[in-house]
Structures are given as C-alpha cells and as structure tokens.
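Here is the structure we will look at.
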Amino acid sequence: MNRVGNSTTRRTAAVAVGVAVVLTGAVACGGDKEGGAPAGASKSASTGSAAAGPGAERLKAFALAPGEKAGRYEASEPLLDEPMSELYDARPAACQPLTGLGKAGHTAQAYAKTDVPGEWQAVGTEILLRSYEDGGAASAMKALAEAGRQCAGGYTEDRALAEAKILKVEPVKAPALGDEALAYRIVVQDVKDQNISLYKYLTVIRSGPVTLSFRSDAIDTKDFGGVPEEVVTAQWEKFSKAGGTAPAS
C-alpha cells in the first residue's frame, strides 16, 4: 500500500491549502454500476424541492457533530468551511457537479467529516449538507446525473497549482433514502505518479430542498468499495430525527 499524495492532501488541506490542491480527485456518478441507469432514481423529482430550505444554523444542527460515532468512524471538526474540492474547476464545465455542487446556487450549508481516530489509512469522508430554494436541490441532482452520463470517460480538474486527470466515472448503487439519491465511483490519476490510480466515491441524497453529499477517499491505492454505509446511516438518522426531512418552516 502506498502513501498517495492526492489523498494525503485531503487530510491536511486545512493546514496547507497550497499543498492540498495537489491532491484528492473528483468523485461520482449515479446509478447501478452494472445497469448503467441512474442509481436511486428519483422517487419524486419535485417533492418538497420548491420549498425554502433550512438556514445554516439548522443545517449545522442536522450534521454529525465532533465526537459523534458512526460505527468505527468518528466525526471531527473540519478545519475549513467546505471541502477543498469545492474550490476546483472541472473541464469541460458540464463535469463540474462531479467535483463540487458549490456552483449550483445553494443558500446555506454545513460541513462535517469522519475518519477512524489513529488509523491514517482508514477511509475518510467529507459530509456537506446544503439548502436550496425554488427547486434548486432537484436541479442540482439533475445536473449531477447529467454530468455522470457526459463525463463517464473522464475529465480534468483544475486545482490551481496542479491539474488532476479523472480517468473514469462509474455509477454505483445508491442508498434508498430521501426523494432521490445518486452514487459514483471515480478513478483518478495520481498527480505525482501517472502510473498510480486512486479511488474516490461520491453519494448524494436529496430530501426536499436539502442535499446531503458524502465524498470518501483513502490514503491507499486499493479500491475501498464505497462511502462507508455506517457514515451514511448515522448522518441520515440524525438528519431525519432532527426534523431535516420535514418541510422547512
């Protein structure tokens, strides 16, 4: 197993932003890996999506808080306001949703992360809850699904100090949660060694005017199989119990 520059940056981005842009890779593509159809097909493309979404304080209350457990994973305090990938630009532009939904017009957000304390090669996940209005959440999911189709053969991420080559985007099985869900497996060429491929996974769930995105990677060249189910379950349960699935007032 190798220490990979791309993933290492994800863990240290907050400490060294300049170094971070040399790492991580895109993520995503929604659907069933074997069938090719979008995974988690929309249960209702418009259900609750036109309602005004919750504000930043409510989203923060919905997100996993530092110290909360998700199986062997534990939430910790992010050092940045959002994942570094949200600052990257994708080429062609149609692939941008795979890199970050930040340009989709959200009105508020909350950011959390999970990993396994003391295990530097464990899978790390960045969780981003975002609120939209006027049907923006459903539109963001539609754009993501289209990016998954158009960019299956790869694209380029501009990370300011380096370019990352996304080699492949594949749909994988999405969780049966929310109004709709998409999930993708992304194969990324290491920016330091073009002979090394890295694996990243993206899962996005929409519940009314809110999207919950999960981006996972590991400091390893091995395919770890997807966003940890324990993390998705723990975050969804907190979101649901806190009233996140109810229409915003």
Side-chain angles (χ1 to χ4, degrees), residues 10-11 13-15 17 20 24 27-28 48-49 51-71 73-88 96-115 123-141 143-144 174-175 177-183 200-217 227-249:
R10 178 186 59 75
R11 304 288 173 83
V15 180
V17 171
T24 70
V27 203
S49 61
E57 288 303 313
R58 286 189 66 197
L59 286 179
K60 185 175 181 180
F62 296 158
L64 290 178
E68 291 188 322
K69 301 284 189 177
Y73 301 93
E74 182 176 321
S76 59
E77 186 72 40
L79 298 179
L80 297 177
D81 293 332
E82 61 185 5
M84 285 296 299
S85 61
E86 294 295 326
L87 304 178
Y88 302 156
Q96 185 65 42
L98 293 167
T99 289
L101 292 175
K103 294 178 174 59
H106 60 284
T107 56
Q109 70 178 31
Y111 176 32
K113 59 182 296 187
T114 63
D115 52 25
V123 175
T125 301
E126 294 177 319
I127 305 169
L128 200 55
L129 279 64
R130 278 188 163 146
S131 182
Y132 300 79
E133 58 184 14
D134 299 326
S139 295
M141 296 295 286
L144 177 60
L177 298 171
D179 295 311
E180 56 183 322
L182 297 167
K200 297 176 183 294
Y201 284 84
L202 170 68
T203 292
V204 183
I205 302 167
R206 179 180 72 81
S207 177
V210 177
T211 59
L212 300 84
S213 69
F214 304 81
R215 293 182 182 272
S216 297
D217 66 7
V227 175
E229 183 177 349
E230 306 97 307
V231 173
V232 175
T233 299
Q235 176 58 84
W236 178 257
E237 288 182 350
K238 181 173 183 179
F239 176 72
S240 301
K241 291 177 180 177
T245 56
S249 58

Exercise for the section: Looking only at non-hydrogen atoms, find the nearest pair between A75 and A65 and report the distance. Expected result: CB-O, 3.2 Å
Problem - Contact summary for A108 and G55, nearest pair of heavy atoms - result: CB-C, 3.8 Å
Exercise for the section: May I ask you to decide if H106's main-chain N or O and E133's side chain share a donor-acceptor pair within less than 3.5 Å? Expected result: no
Handout entry: L202 side, atom CG; L144 side, atom CG - distance, nearest 0.5 Å
Key = 6.0 Å
Handout entry: pair I205-V232: side-chain heavy atoms closer than 4.5 Å
Key = yes
Exercise for the section: Using a strict cut-off of less than 4.0 Å between a Lys/Arg side-chain nitrogen and an Asp/Glu carboxylate oxygen, indicate whether E126 and K200 qualify as a salt bridge. Expected result: no
Exercise for the section: For the residue pair V210 and F239, establish whether any side-chain heavy-atom pair is separated by less than 4.5 Å. Expected result: yes
Problem - Close side-chain approach of T233 and L177, heavy atoms under 4.5 Å - result: no
Problem - E77 CD to L79 CG distance, which is reported to the nearest 0.5 Å - result: 8.0 Å
Handout entry: Heavy-atom closest pair, residues A137 and T211
Key = CB-CG2, 4.1 Å
Handout entry: CG-OG distance between L212 and S207, expressed to the nearest 0.5 angstrom
Key = 7.5 Å
Fill in the blank from the handout: Shortest non-hydrogen pair, V123 vs S216, comes out as CG1-CB, 3.8 Å
Handout entry: Salt-bridge contact K238-E68 (side-chain N to carboxylate O under 4.0 Å)
Key = yes
Exercise for the section: Look up atom OG1 in T203 and atom OH in Y201, then write down how far apart they are to the nearest 0.5 Å. Expected result: 10.0 Å
Practice task
Side-chain contact test, heavy atoms from C-beta onward, threshold under 4.5 Å: evaluate it for L129 versus Q235 and give yes or no.
Solution key: yes
Exercise for the section: Decide side-chain contact (heavy atoms from CB on, under 4.5 Å) for T114 and E74; before the verdict, give the C-alpha distance in whole Å, the side-chain angles of both, and the deciding distance to 0.1 Å. Expected result: CA-CA 5 Å; T114 63; E74 182 176 321; over 6 Å; no
Problem - Residue pair E180 / A138: nearest heavy atoms and the distance that separates them - result: OE2-CA, 4.1 Å
Practice task
For residues P54 and S131, report the shortest heavy-atom separation together with the two atoms involved.
Solution key: O-OG, 2.8 Å
Problem - Derivation and outcome, side-chain contact (heavy atoms from CB on, under 4.5 Å), residues T125 and Y73 - result: CA-CA 9 Å; T125 301; Y73 301 93; 6.0 Å; no
Problem - Within-4.5 Å side-chain heavy-atom neighbours: I127 and L64 - result: yes
Exercise for the section: Let me see the working for R130 and E86 under salt bridge (charged side-chain N to carboxylate O under 4.0 Å, His left out), right down to the final yes or no. Expected result: CA-CA 13 Å; R130 278 188 163 146; E86 294 295 326; 3.1 Å; yes
Practice task
Give, for atom CH2 of W236 and atom CZ of F62, the distance between the pair rounded to the nearest 0.5 Å.
Solution key: 11.0 Å
